[in-house]
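Working notes, beginning with the structure itself.
Remember, it's a predicted structure, so these values are computed and weren't measured experimentally. Every number for a ligand or one of its atoms is a count from 1 in the order of the listing.
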Amino acid sequence: MVETKLVVKVEKMTIEDLPGVGAATAEKLESAGYRDLMSVAVATLGELCEASGVTETVARKMINGARDSMKMGFETGTEVMKKRELISKISTGSDHFDTLMGGGFETGAITECFGEFGSGKTQVGHILAVNTLRDDPDAYAVYIDTENTFRPERIRQLAEGAGLNPEDALNRIMVARAFNSDHQMLLVEKVDTLITEQGKKVRLVVIDSLTSHFRAEFIGRGTLAERQQKLNRHMHMLSKIASTYNICVYVTNQVMAKPDQFFGDPTQAIGGHVVAHASTFRIYLRKGKKGTRVAKLIDAPNLPDGEVCFEVLEGGFRDIN
Ligand code: GTP
Ligand code: MG
């Protein structure tokens, strides 16, 4: 019997089709986390040289090749609008909070919540995870936990409150404990693997807290520049996955006392300009009267600043008038 071989025409370009990339380079790139054309297209020359060992000239060809294949460059406002139509919003369960955020927490963007201990930052992470899963039965949420404050019991309660099967909710949350800042950064790279290799539809990535390891590891004035550079790389990685895969990235951040501040709020967010600029939306959370929580929108590209009050209950968030 003659064996017939099915010839599958490869229509989709891969990293190996790029100029200057052979099997060995592709393998090196792959193990460094470059698995699709988009990751090469948005890489810097230095990153790519380091990852694959090629010269700058070759790296430039690779990046340009990837960019050409992806039609990156200018686009019309109409095209941008069309892309924005793919953006979805994740509800907090509080109508007021959602309205403040223009309908909920946006996919394709980074939202940062900063505030004192107990202000509700972790609660927001938990409720976003549950509502992401409720709104899309195929979706997954990723929870990168640096302070050991992820609580499956809490997810269970909130899932019940949202009318979602608690076991199903827990099954669709991928939790990882980050032990230091390097590990935290590696875990963000692993999100890519969950999507491209395991085919998981990740809609939300929570990093709770974004800054605690950085703050603990870089102590003293002399280390500030180094910390900020590293944090900057981390933020870049996060915004890359947010826009590449249309993921809602939610990060929490602590505040520190501003000893020289006499007027207004005497606290400020950790991470300075690096975190502030990389976050698309910034929310300041604080405790209000009688156990309530106040969320203040500080920074948003297309929304007015404002403040809302809500309550954290066993089954979820509720508005306060
Ligand atoms: P740090 O991580 O310490 O900086 O604080 P945080 O901003 O993450 O605070 P978190 O989100 O952990 O908020 C804790 C508060 O949420 C508690 O003090 C409670 O008021 C509230 N909370 C947590 N779980 C529940 C719950 O099951 N029911 C109710 N009603 N409130 C809860
Ligand atoms: Mg917390």
Side-chain angles (χ1 to χ4, degrees), residues 90-94 96-98 100-101 105 110-132 134 141-164 166 169-170 173 175-181 184 187 204-217 231 248-258 265-271 275-276 279 281-298 307-320:
I90 302 170
S91 170
T92 61
S94 148
H96 292 169
F97 200 168
D98 289 352
L100 180 76
M101 300 302 295
F105 282 47
I110 302 177
T111 301
E112 172 204 354
C113 242
F114 62 94
E116 274 182 315
F117 64 92
S119 56
K121 305 179 295 291
T122 297
Q123 293 303 309
V124 173
H126 281 64
I127 197 81
L128 288 176
V130 167
N131 288 340
T132 299
R134 182 202 57 192
V142 168
Y143 206 107
I144 299 175
D145 184 7
T146 73
E147 297 176 314
N148 204 15
T149 51
F150 174 79
R151 289 291 173 275
E153 303 87 326
R154 187 68 184 123
I155 293 294
R156 202 172 274 191
Q157 282 178 341
L158 294 170
E160 270 167 10
L164 189 68
L170 288 172
I173 303 184
V175 187
R177 177 87 197 275
F179 293 100
N180 56 45
S181 62
Q184 184 175 327
L187 286 169
L204 172 77
V205 172
V206 175
I207 305 195
D208 185 19
S209 121
L210 174 75
T211 45
S212 58
H213 283 316
F214 288 87
R215 196 181 185 188
E217 289 164 26
L231 204 46
C248 170
V249 174
Y250 169 69
V251 302
T252 70
N253 193 2
Q254 281 113 336
V255 290
M256 58 182 176
K258 249 190 313 190
D265 204 309
T267 55
Q268 78 182 61
I270 307 289
V275 175
S279 305
F281 301 90
R282 307 191 78 207
I283 301 160
Y284 177 39
L285 264 191
R286 62 182 161 83
K287 293 180 193 166
K289 282 181 203 143
K290 293 186 193 152
T292 61
R293 296 290 184 278
V294 181
K296 183 176 187 178
L297 187 62
I298 304 279
E307 203 173 84
V308 293
C309 201
F310 63 93
E311 206 172 6
V312 180
L313 299 177
E314 191 172 315
F317 290 10
R318 197 185 63 184
D319 284 334
I320 303 246

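Here the CD1 atom belonging to Ile90 is positioned 12.0 Å from the OH atom belonging to Tyr250, to the nearest 0.5 angstrom. Here the SG atom belonging to Cys248 is positioned 11.0 Å from the CG atom belonging to Asn131, to the nearest 0.5 angstrom.
Side-chain atoms of Ile298 and Phe114, non-hydrogen and from C-beta on, do get closer than 4.5 Å to each other.
With hydrogens and angles ignored, the 3.5 Å screen pairs no side-chain donor or acceptor of Gln184 with any backbone N or O of Thr146.
At the shortest separation from atom 16 (O) of ligand 1 among protein heavy atoms lies Gln123 CG, 3.4 Å. Nearest protein neighbour of atom 5 (O) of ligand 1, counting heavy atoms only, is Gly118 N, 2.7 Å. Looking only at heavy atoms of the protein, atom 26 (C) of ligand 1 is closest to Arg154 CZ, 3.5 Å. Annotation: atom 4 (O) of ligand 1 to nearest protein heavy atom, Lys121 NZ, 2.7 Å. In terms of protein heavy-atom proximity, atom 18 (O) of ligand 1 is nearest to Arg293 NH2, 3.7 Å.
In this structure, of Thr122, Asn253, Val312, the residue bringing a heavy atom nearest to atom 31 (N) of ligand 1 is Val312.
Under 4.0 angstrom from ligand 1, the non-hydrogen atoms of Gln157 all belong to its side chain.
In summary, no N, O or S atom of Gln123 is located under 2.8 Å from the Mg ion (ligand 2).
In this structure, Arg151 has no heavy atom closer than 4.0 Å to ligand 1. The closest approach between any non-hydrogen atom of Gly115 and ligand 1 is not below 4.0 Å.
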